[in-house]
Novice: 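Sending over a structure as structure tokens; questions will come in a sec.
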Amino acid sequence: MDTLFLMNSLWVMVAAVLVILMLGGFILLETGSTRMKNAGHIAGKTILTFGISSVVFWAVGYGLIFGAGNALIGFSDFFYSGYDIEGLSLSGAVFFLFQLAFAGISLTIAFGGFAERAKLGAYLVFAILFSVIVYPPIAHWIWGGGWLAEHGKQDFAGSTVVHLTGAMAAFAATLILKPRIGKYNKDGSANNLAGHNQVFTALSVLILWVGWFGFNAGSTVSVDGAFFGFVALNTNLAAGAGVIAAMIISWIVMGKADVPMMLNGALAGLVAITASCAFVDTWAAVLIGFIAGFLVFYSIRFFESKGIDDPIAALSVHGAAGVWGTLSTGLFATPELATVGEPGLFYGGGLHQLGVQALGVVSSGAFAFIVSFILLTIMKAVMNGLRVTEEEEIIGLDMSEHGSYGYPEMVKAEKTTISSEPKLNA
Amino acid sequence: MTSYLEIRRFRDDQIIWVSRNHLQLNQLHDEIIHRVITVSVKEIEERYGPLPCPFTFFMMGSAGRFEQSVWSDQDHGIIYQQQGTEINDHFLALGKEISHGLQLAGYEYCDGAVMASNPLWCKSLSEWRRQLANWSIDSNWQSIRQLLIFIDGRSLYGEASFLENLKIEVYQTIKNENLLKKVLDNTLHLKKGIGVLGQILVETHGPHSGSLNIKEKALFPYVNAIRLLAIKGNILETSTLSRLKKLPEIELPIIKKEIYKQQFLKLLNLRLSLSKPDNYENSHYLPVASLSKKQKEEVKEILKNGAALYRYVRNLVEKENY
């Protein structure tokens with residue numbers, strides 16, 4: 001067996017492990033950004049739905065994406081048995097596992113829109129439906145030789161395929177589930193249902209940041225020329241620029257360096273650079289991340305002001321930043337690096353590539369949103385509602401869906417806490 | 001008037017007429033509180049016999065500073081002349097009765113229990129002297145805060161000299177023990193009311209979204225900074241405006257004094273005329289979107305000057321302490 005084959009396999013295996021570990025990041029992100037009474041539920045369901053997603057991907061997901069088919073869908077290679085895949089210079093099983101991890105991440109993002117109010121049953125059913133009907137067509141269009149791939153769409157590691165798809169499903173879910181109890185006042189003003197642990201949220205960003213080296217740099221699926229190093233560098237720069245930009249804009253507009261906002265800035269930078277990490281220069285990576293940091297700030301405020309309750313900012317971090325990232329290669333892709341498609345607007349490519357990117361965003365985004373919306377509407381009718389009862393929501397999903405609290409002592413103690421600090425300026 | 005509920009009716013009848021005038025509003029509050037105390041004293045004397053010795057009842061917080069808005073909570077204490085178990089019980093009963101009466105008359109209880117119904121704030125002259133000395137010696141965050149609350153005390157009933165003498169002693173101790181720096185650390189955390197682009201920083205979440213928290217972002221910088229200068233200048237007055245008026249040139253140059261006086265007066269009146277004072281909570285918020293362009297500029301000026309005053313006082317104290 002030749003060395004390159006082994007090296008490629010080893011590198012992509014490492015990357016797959018990193019991507020799967022990103023689920024740990026999502027567990028901390030989602031629990032940290034929400035309330036204690038739902039923490040056990042959120043952590044547990046993330047593992048559970050990844051399990052479902054894995055099995056579904058093995059049975060049909062992979063075949064629908066990478067199987068032989070037409071421009072719209074693949075249709076072979078179901079129930080993959082571990083054989084090597086023609087035309088790939090790495091282990092077929094490793095490649096399969098890597099792709100499986102991506103499908104799991106996209107699903108986890110979609111579930112951000114369910115947080116703190118959906119029944120466990122809704123998670124189970126939608127995990128299957130999303131993994132069969134929503135994710136595979138889009139992944140096939142762009143990565144599986146479908147119509148957008150033929151078109152020259154650039155999405156190196158999945159700003160569109162993974163992040164925008166997940167975010168659009170999350171969007172459909174937030175619209176159908178409606179805001180959490182207590183999020184909005186009668187006059188339409190929003191309350192801050194603050195997450196219970198900023199340390200978790202910060203740690204989640206670090207885990208995701210590191211995991212993203214698997215996500216992006218691993219998407220080289222080869223060690224050839226050690227190009228993965230360059231991709232990782234761009235990834236890191238965009239994340240750094242995103243956190244700086246979000247801090248600056250939050251300080252300018254709100255007068256404070258808001259911690260959740262800074263953290264979302266880092267994630268937005270990562271999401272944005274996901275499409276373009278292999279196609280742009282380092283300075284462009286900084287700029288792309290920086291703009292993503294600004295964008296996520298305004299996007300979060302926009303959705304909140306429109307009465308759309310998005311507990312972990314999935315629409316903004318993965319949606320808005322995913323759109324921006326996908327479009328960014330249409331501006332910044334360099335002639336040397338654009339191995340797929342054409343160079344961007346700023347490199348003499350004109351509007352061609354930007355148009356291709358925009359078409360990809362619109363068609364993929366619309367497909368993910370519409371199909372998710374229809375599926376969830378049907379589920380709502382069949383399952384007698386997707387949301388837990390008011391009482392269940394108030395006692396928390398830990399108790400209502402699983403019968404025990406993630407923080408048994410703390411949730412009980414919360415009710416008896418009082419403050420008694422003397423006031424000076426009453 | 002013989003009952004608290006009658007006083008409440010009197011309050012409800014009268015207050016709408018003065019709710020937009022700072023001076024008259026606070027005079028009315030004083031009168032209502034005075035009436036409550038009179039009823040309480042009578043009630044206690046009927047129940048337990050005549051009060052055993054002279055005393056004074058004093059208000060603190062915004063009432064002490066003569067800066068109440070339409071709704072306000074209660075912060076108060078009692079100082080009585082002689083010490084003794086029965087005497088203590090007698091005045092504590094009075095404190096409880098007044099607190100109860102004020103609540104019926106429309107003044108919410110104080111969350112921090114700064115009330116004469118709490119033995120901490122209802123003591124004989126000698127016990128008060130000992131407590132104030134202990135607060136100065138401890139000089140931790142909580143005890144300094146309690147000293148500052150006490151400094152805003154204003155006598156409304158009885159022997160005002162009890163309070164005045166204690167306050168003079170407190171001022172002296174603060175200076176002797178070099179506590180001004182601690183006072184500064186205790187109160188001068190500035191909540192920014194104005195952003196780097198010159199915009200007013202409003203609440204982004206909750207029922208007061210879009211409103212400016214005028215209490216914390218506009219009033220506090222003035223009140224806290226001027227209180228500190230008053231301690232430095234040995235001024236016993238409690239209202240921010242009268243403290244300002246009495247400040248010697250050496251503490252605050254006359255030209256600045258005039259600016260801050262005007263700004264603070266404008267702020268008090270803006271608060272009364274523009275916030276929706278339907279309850280205690282709402283009276284602290286100014287809906288910025290409904291302000292005219294001119295009013296917005298005024299608010300910005302007030303915020304900027306408050307921040308400037310804050311910086312001035314901080315530099316002044318820090319310079320002296322290093």
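All chains are named by letter (A, B, ...) in the order of the sequence lines, taking the proteins before the strands, and each is independently numbered beginning at 1.
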Novice: Less than 4.5 Å apart, side chain to side chain, heavy atoms only: is that true for A/Leu397 and A/Lys37?
Specialist: no
Novice: Test of understanding: with side chain to side chain donor-acceptor pair (under 3.5 Å), list the residues that count as partners of B/Asn26, not counting sequence neighbours.
Specialist: B/His22
Novice: For A/Thr31, give me all partners under side chain to side chain donor-acceptor pair (under 3.5 Å), at least two apart in sequence or on another chain.
Specialist: none
Novice: For A/Asn191, which atoms come within 4.5 Å of any heavy atom of chain B: side chain, backbone, both, or neither?
Specialist: both
Novice: How about B/Tyr310 and B/Tyr222: are their ring centres within less than 6.0 Å of each other?
Specialist: no
Novice: Count the heavy-atom pairs under 4.5 Å between each of B/Ser209, B/Ala113, B/Gly195 and chain A, then report the option with the highest count.
Specialist: B/Ser209
Novice: What part of A/Asp187 is in contact with chain B, defined as an atom under 4.5 angstrom from a non-hydrogen atom: side chain, backbone, both or neither?
Specialist: side chain
Novice: Which residues pass the side-chain contact (heavy atoms from CB on, under 4.5 Å) test with A/Ile291, sequence neighbours left out?
Specialist: A/Leu287, A/Trp324
Novice: First locate atom CG of B/Asn134, then atom CD of B/Gln146, and finally report the distance between them rounded to the nearest 0.5 Å.
Specialist: 11.0 Å
Novice: Which residues in residues 305-316 of chain A have a heavy atom less than 4.5 Å from any heavy atom of chain B?
Specialist: none
Novice: Can you tell me if A/Thr46 and A/Glu30 form a side-chain donor-acceptor pair at under 3.5 Å?
Specialist: no
